[in-house]
S.K.: 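What follows is a single structure, and I will ask about it in a moment.
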Amino acid sequence: MSWIMVAGPYTSCGADEITRRANLHAMNEAALLLFERGHVPVIGVNLALPIIEAAGDDRFEEIMMPMSLALAERCDGCLRIGGPSDGADREAESFRRRGLPVYWALSEVPASGEAPI
């Protein structure tokens, strides 16, 4: 069972509240599909948002990417979904730098136990 980070746009291009909700929903749907393939899916936004809520939105930048990148360091691979996103690209790059896989489609992710990641 591998830990796979789902990286996708959240606030990209000045996303409004509706777009951010839709972006997070897309990441959570991808996470469900990874779970059903036998992996432990994680999303940096889901880790950071409760802390940002406690700290206040004015601390978003201070908390979001450091939390997401710290989580990425603990994962075995990354599923990059959606459109343009500097943050998601930074997450994916952290995997490439360590020689870990970055998948661009769910179909590329082997089911748990199929092949080593």
Side-chain angles (χ1 to χ4, degrees):
M1 184 178 292
S2 296
W3 285 53
I4 307 289
M5 174 174 266
V6 179
Y10 178 63
T11 59
S12 295
C13 304
D16 60 19
E17 180 64 27
I18 292 169
T19 303
R20 286 192 305 271
R21 241 184 271 132
N23 288 341
L24 186 55
H25 183 74
M27 286 187 274
N28 285 324
E29 283 186 329
L32 173 60
L33 295 171
L34 285 169
F35 177 77
E36 290 172 344
R37 292 180 64 83
H39 300 289
V40 176
V42 296
I43 300 169
V45 176
N46 285 341
L47 178 68
L49 283 180
I51 298 165
I52 292 166
E53 183 179 329
D57 287 340
D58 58 321
R59 296 187 64 193
F60 183 93
E61 295 298 326
E62 174 189 348
I63 296 169
M64 180 59 75
M65 283 314 299
M67 293 291 297
S68 290
L69 292 172
L71 181 59
E73 291 296 318
R74 307 259 189 252
C75 295
D76 305 303
C78 176
L79 174 61
R80 173 63 168 91
I81 67 165
S85 169
D86 289 339
D89 290 343
R90 286 177 62 195
E91 290 168 344
E93 180 57 30
S94 75
F95 288 90
R96 280 192 289 275
R97 272 195 321 271
R98 292 180 292 135
L100 296 173
V102 176
Y103 304 104
W104 294 91
L106 184 67
S107 61
E108 296 176 1
V109 181
S112 182
E114 266 184 24
I117 290 191

S.K.: Roughly how far, to the nearest 0.5 Å, is the SG atom of Cys78 from the CZ atom of Arg98?
M.R.: 9.5 Å
S.K.: Where is the tightest heavy-atom contact between Asp58 and Ala55, given as atom of each residue plus distance?
M.R.: OD1-O, 4.1 Å
S.K.: Taking all atoms of both residues into account, what is the closest heavy-atom pair of Gly83 and Pro9, and its distance?
M.R.: N-CG, 3.7 Å
S.K.: What distance do Leu49 atom CG and Tyr10 atom OH have between them, rounded to the nearest 0.5 Å?
M.R.: 4.5 Å
S.K.: Tell me whether Ser12 contacts the main-chain N or O of Pro84 through its side chain, where contact means a donor paired with an acceptor under 3.5 Å.
M.R.: yes
S.K.: Verify the neighbour count for atom CZ of Phe60: are there more than 12 heavy atoms of other residues, nucleotides or ligands below 6.0 Å?
M.R.: yes
S.K.: Where do Ile4 and Arg37 land on the side chain to side chain contact (heavy atoms under 4.5 Å, CB included) test, with the steps shown first?
M.R.: CA-CA 11 Å; Ile4 307 289; Arg37 292 180 64 83; over 6 Å; no
S.K.: Do Trp3 and Leu32 sit in the same hydrophobic cluster, where Ile, Leu, Val, Met, Phe, Trp and Tyr count as joined when their side-chain heavy atoms come under 4.5 Å apart?
M.R.: no
S.K.: With a 6.0 Å cut-off (strictly less than), is the heavy-atom count around CG of Asp16, excluding the residue itself, greater than 12?
M.R.: yes
S.K.: Around Asp86, counting heavy atoms of other residues, nucleotides and ligands shown, do more than 12 lie under 6.0 Å from its CG?
M.R.: no
S.K.: Does Phe35 belong to the same Ile/Leu/Val/Met/Phe/Trp/Tyr cluster as Met1, with side-chain heavy atoms less than 4.5 Å apart forming each link?
M.R.: no
S.K.: State yes or no: do Met67 and Leu69 share one hydrophobic cluster built from I, L, V, M, F, W and Y residues joined by side-chain heavy-atom distances below 4.5 Å, directly or via other members?
M.R.: no
S.K.: Using the rule that Ile, Leu, Val, Met, Phe, Trp and Tyr join whenever any side-chain heavy atoms are under 4.5 Å apart, tell me whether Leu47 and Met65 fall into a single cluster.
M.R.: no
S.K.: Ignoring hydrogens, what is the shortest heavy-atom contact between Ser2 and Asp76? Give both atom names and the distance.
M.R.: CA-OD2, 3.4 Å
S.K.: A side-chain contact here means heavy atoms from C-beta on lying under 4.5 Å apart; do His25 and Asn28 qualify?
M.R.: no
S.K.: By the definition side chain to side chain contact (heavy atoms under 4.5 Å, CB included), identify the one residue from Arg80, Glu108, Glu91 that meets it with Val102.
M.R.: Arg80
S.K.: So, for Ser94 and Ala72, which heavy atoms are closest and what is the spacing to 0.1 Å?
M.R.: OG-CB, 3.6 Å
S.K.: Let me check something: do Ile51 and Val42 share a hydrophobic cluster, defined by ILVMFWY side-chain heavy atoms less than 4.5 Å apart, either directly or through other members?
M.R.: yes
S.K.: If I take atom CG from residue Leu34 and atom NE2 from residue His39, how far apart are they, to the nearest 0.5 angstrom?
M.R.: 6.5 Å
S.K.: To the nearest 0.5 angstrom, please state how far the OG atom of Ser68 sits from the CG atom of Asn46.
M.R.: 9.5 Å
S.K.: CG/Leu33 to OG/Ser107 distance, rounded to the nearest 0.5 angstrom?
M.R.: 11.5 Å
S.K.: Is atom CD of Glu17 surrounded by more than 12 heavy atoms (other residues, nucleotides or ligands) closer than 6.0 Å?
M.R.: yes
S.K.: Using a strict cut-off of less than 4.0 Å between a Lys/Arg side-chain nitrogen and an Asp/Glu carboxylate oxygen, indicate whether Arg90 and Glu93 qualify as a salt bridge.
M.R.: no
S.K.: Evaluate the side chain to side chain contact (heavy atoms under 4.5 Å, CB included) criterion for residues Arg59 and Ile52: first the C-alpha distance (whole Å), next the side-chain angles of each, then the deciding distance (0.1 Å), finally the verdict.
M.R.: CA-CA 7 Å; Arg59 296 187 64 193; Ile52 292 166; 6.0 Å; no
S.K.: Measure the CD1-CE distance between Ile43 and Met5 for me, rounded to the nearest 0.5 Å.
M.R.: 9.0 Å
